[in-house]
Amino acid sequence: MAHDYDFRSIEQKWRKHWDANGTYAVTEDDSKEKCYVLDMFPYPSGAGLHVGHPLGYIASDIYARYQRHRGKNVLHPMGYDSFGLPAEQYAIQTGQHPAVTTANNLKRYREQLDKLGFCYDWSREVRTSDPVYYRWTQWIFAQLFDAWYNQDSDRAEHIDTLTAKFNENGTYNVNAGNDPEWWKDLDRAEFPQFSEHFAGEFTAVDWQSFTERQRQLVLMHYRLTYLADSWVNWCPALGTVLANDEVKDGVSERGGHPVEQKRMRQWSMRITAYAERLLSGLDTIDWTDSIKEVQRNWIGRSQGASVWFELKDHSGKIEVFTTRPDTIFGVSFMVLAPEHPLVAEITTADQKAAVEAYQTAAKAKSERDRQSNVKDISGQFTGAYAVHPFTGEPVPVWIADYVLAGYGTGAVMAVPAGDQRDFDFAKHFDLPIPAIFEGVDLSEEAHADKGAVLANSDFLNGKTGYDAMGVCIDAMEEQGFGLRKINYRLRDAVFSRQRYWGEPFPVYYKDELPQLLDELVTLPPVDAYLPTEDGEPPLARAKNEDWNVFKGDRMETNTMPGWAGSSWYFLRYMDPHNTKAFCDRSKSDYWGQVDLYIGGSEHATGHLLYSRFWTKFLYDMGYIGFDEPFKKMINQGMILGRSSFVYRIKDSNRFVTFEKRKEYQTQRLHVDISLVENDTLNVEGFKAWRPEYADAEFELNDEGKYTCGHEVEKMSKSKYNVQTPDELVERFGADTLRCYEMFLGPLEQAKPWDTQGINGVHNFLRKLWRLFNEGTEVRVSNADPSKDSLKSLHKTIKKITEDLERGSWNTVVSALMICVNELTDQGCHHRGILEPLTVLLAPYAPHLAEELWSRLGHSGSVNDATWPAFDEKHLKEDEVNYPVQFNGKVKFQLKVDASLNPKQVEELLLANENTAQFLDGKAPRKIIVVPGRIINVVV
RNA sequence: GCGGGUAUGGUGAAAUUGGUAGACACGCCAGAUUUAGGAUCUGGUGCCGCGAGGCGUGGGGGUUCGAGUCCCUUUACCCGCACCA
């Protein structure tokens, strides 16, 4: 018998039908409740989709379809994060414009996505590299440029409110979310009127006397995106700077190239102004604890105090940040980072040579070495002494590279008794370890517990660390050498990239002052996609007339980072064709937050943080009405590949089967998984695979086969273990693949890809087909369905509805299988059952459901069918068997009326005392009847 | 080191509030049917044991009439952060 279930023609037919009828187009409709279901949009790489990509897309598609059946107006769009490095690198190699490469890749992606039957509204597609889109990315940049963070109102405000304040009262009463020591970076040559004591404060009269240029220079230190010299992660191999989240273990996340610290003039985003709100906002959103925790760690809030230590024989002060001000009486030395600006000033003549040698050595160490040699203790005494603010005792000042220049103030007060690193340092250099805790042994290690009672600590004696904390800070504030302070690990995000394939800045320069452009700046053509010979970004190759707008002395030639476009794309879907605004407020008010966002957790410190930042900013400025973008997020696990290996005998072209590999010195090589079936190598195919294997020899196993080794690894082109969805769709159909990917296991879990079970899922769809059809002929009865069939159906409605509500995609497939098995056993072909079953099936197997729906005689789309209602009465049973247990063992079954409540069953059992005695020999003393189905009798 | 997570048959996994652990599927075994179809159907399949029976959710302890589920403790693996003062 030929295939009854002809998935190829069915799927093709309905794809065309949906496309022609605009089945998935959606518009705002106030009469319906909205639901916004979103996938993280992909970067269209040249490799195309592999089976891991659709996992999340299928899950969100199912959810979107389900919500549509529930009567919601569902926004479910898709687009492309189409600026990025691979297209640019391909351009460098081949000279092909990245736009061309991107367009080709995009076409491939679209074809692959189309085959999977997603219900995207493609009329809303966005592409970040499209000028129509990035015009608004540039616009948002401009809004950030024209804004500052007012900590008094705790929101971003237009820069005009800041200049108004300056005009009225100068810096007095200005409480901005910028670096409190911004004035240190001000170019003093530009401000000859400032005395050497200038510390960031000026009056209204000062402000009014500033030239326009001076005003702009000051304002630059307040803007939410600003141009400044800063220490950046420079990656020479990529020829660009990277943000902290793009650097992992001292090397670039993409490509694994070394990264060094470099001082460069760059655009930055003042995300630090939002640190506290990014932290507190986490409590309002439904994300996993793990990803919230990653963001919390990344923001790294720590509460403590700033303390100033005066220096002996020097006018300067050392400022430190500490989370343990209560242990201040345990300070026995200070440590500065080798890069600390005070080091050169305070070092005594006799220590000068040693200190400089140490500084040089520290500088030579790469970031990576510094991290990996954590255990090595090194340091150098400067010869200088600080003064303990409470006791007046001299405290020696050291430098050591365990203190980081970039965190806090780059200086610490060392308390060996309370901090393990300080303790180790003290032991190593034989420095004193003052005992400041009552009854704590400090011979082996430091005691970091805040619950310990303090001793030898003057007015703090007898208090625990918890209690002493506040008292101590109060005392320091009173005496003027300390302040309560909250420190964040989060740094401002570098926003410039020295690349071609990104958004140009809407910025030009006049006398080296950046000026905004209020119009689209498109990417100019260039003759090569490489930096210029002077190390300028590729855009510097463009001639003045190549720019669509050219103003001032020169244009900004950096481009924006990859995360710029992806930080707001979810808003553009709401109003994708608007040429007047990035998104009309009425549209964003209707669609609101993303109700369900599905994507990988690898974006925790990148995209997911930046999106929250921009959303909060746009909210502050009144452009949208919500300040968290993604209400609920689910992170799908990665699908891993199963790589296959062959074993080549060293220095030969002879390959030995897996079983015998240990008899030789072999080299393990990846082999393309398409040449391997059930771990057996297709030898002829292998020879044809690569020219160097054409005359390979093989040592086979006892069955005359070549067995490959295998391992679960990340799917990647270089490991030849990529499984594309295309061939599976070809063989089994999109509906089978959709069900199978969900059936694999919980969405959140990482799992190796394995096609072993796909037949089972395919068989289920065929079995389902046979419920409706005899061969290709419809067989549906209009008679009343049996009680059993109604029970099977309603059990399934209940289960599937609950599962979809709680996001358990995998168990739904099992529930459908059980239902089909039961209906098959019952010989059920009744319309009253099959019709609702088709709707239950529709989210998972949309093509098949549509076909069956039309075969049932409907002219409309199954997508518009209402989700079947669950009716409890069909699940009620007349009689229930209550197993009765004695000491955990089932002794007899008690048949009772299903309507009885547990109390009544208990009475019934007591009335059956004779039976119980017969089984046990004794009468039951205590009977517990639970609403489940079990009765325990304790004897 | 800190934080988060996972652990159940040969395999992927179910078990939603503590209630007959292993649903559903793969694989495997036996049989039927058929002979070129990645076929279909029937039965079996946690482990030990011929059996009655015993043992079973990483290990140990606890709460409970009853624990995969709750509490304590411990081990292994995965992910993230990491001289952050």
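Treat the numbers as computed from the prediction; the structure is a model and nothing was measured. Side chains included, hydrogens not; waters and symmetry mates left out as well; all remaining heavy atoms used. Reminder, nothing fancy here: chain letters follow the sequence lines and each chain counts from 1.
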Any donor-acceptor N/O pair, R770(A) side chain to Y5(A) backbone, under 3.5 Å: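 Checking the backbone N and O of Y5(A) against the side chain of R770(A), no donor-acceptor pair under 3.5 Å is found.
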Whether Q636(A) side chain and L747(A) backbone form a donor-acceptor pair below 3.5 Å: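 Answer holds: no.
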Can you find a side chain N or O atom of [X] that sits less than 4.0 Å from OP1 or OP2 on [N]?
{"X": "R770(A)", "N": "C41(B)", "answer": "yes"}
{"X": "N821(A)", "N": "A25(B)", "answer": "yes"}
{"X": "R421(A)", "N": "C84(B)", "answer": "yes"}
{"X": "N810(A)", "N": "A25(B)", "answer": "no"}
{"X": "Y402(A)", "N": "A85(B)", "answer": "no"}

Whole-Å gap separating C1' (G38(B)) and CD (E727(A)):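 Between C1' of G38(B) and CD of E727(A): 13 Å.
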Rounded C1' spacing from G9(B) to G68(B) in Å: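 About 14 Å, rounded to a whole number of Å.
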Separation of the P atoms in U16(B) and U69(B), to the nearest angstrom: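 U16(B) and U69(B) have their P atoms separated by 12 Å.
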Ring pair (Phe, Tyr, Trp, His ring centres under 6.0 Å) partner of Y740(A), the single match among W809(A), Y844(A), W753(A):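 Single pass found, and it is W753(A).
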For residues 326-338 of chain A, which side-chain donor-acceptor pairs fall under 3.5 Å, sequence neighbours excluded?
residue: D326(A); atom: OD1; partner: R324(A); partner atom: NE; Å: 3.2
residue: D326(A); atom: OD2; partner: R324(A); partner atom: NE; Å: 3.3
residue: D326(A); atom: OD2; partner: R324(A); partner atom: NH2; Å: 3.0
residue: T327(A); atom: OG1; partner: R324(A); partner atom: O; Å: 2.8
residue: S332(A); atom: OG; partner: P432(A); partner atom: O; Å: 2.9

Positions of residues 740-753 of chain A (non-hydrogen atom under 4.0 Å from RNA chain B), listed by number: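 Of all residues in residues 740-753 of chain A, the ones placing a heavy atom under 4.0 Å from RNA chain B are F743(A), L744(A), P746(A), Q749(A).
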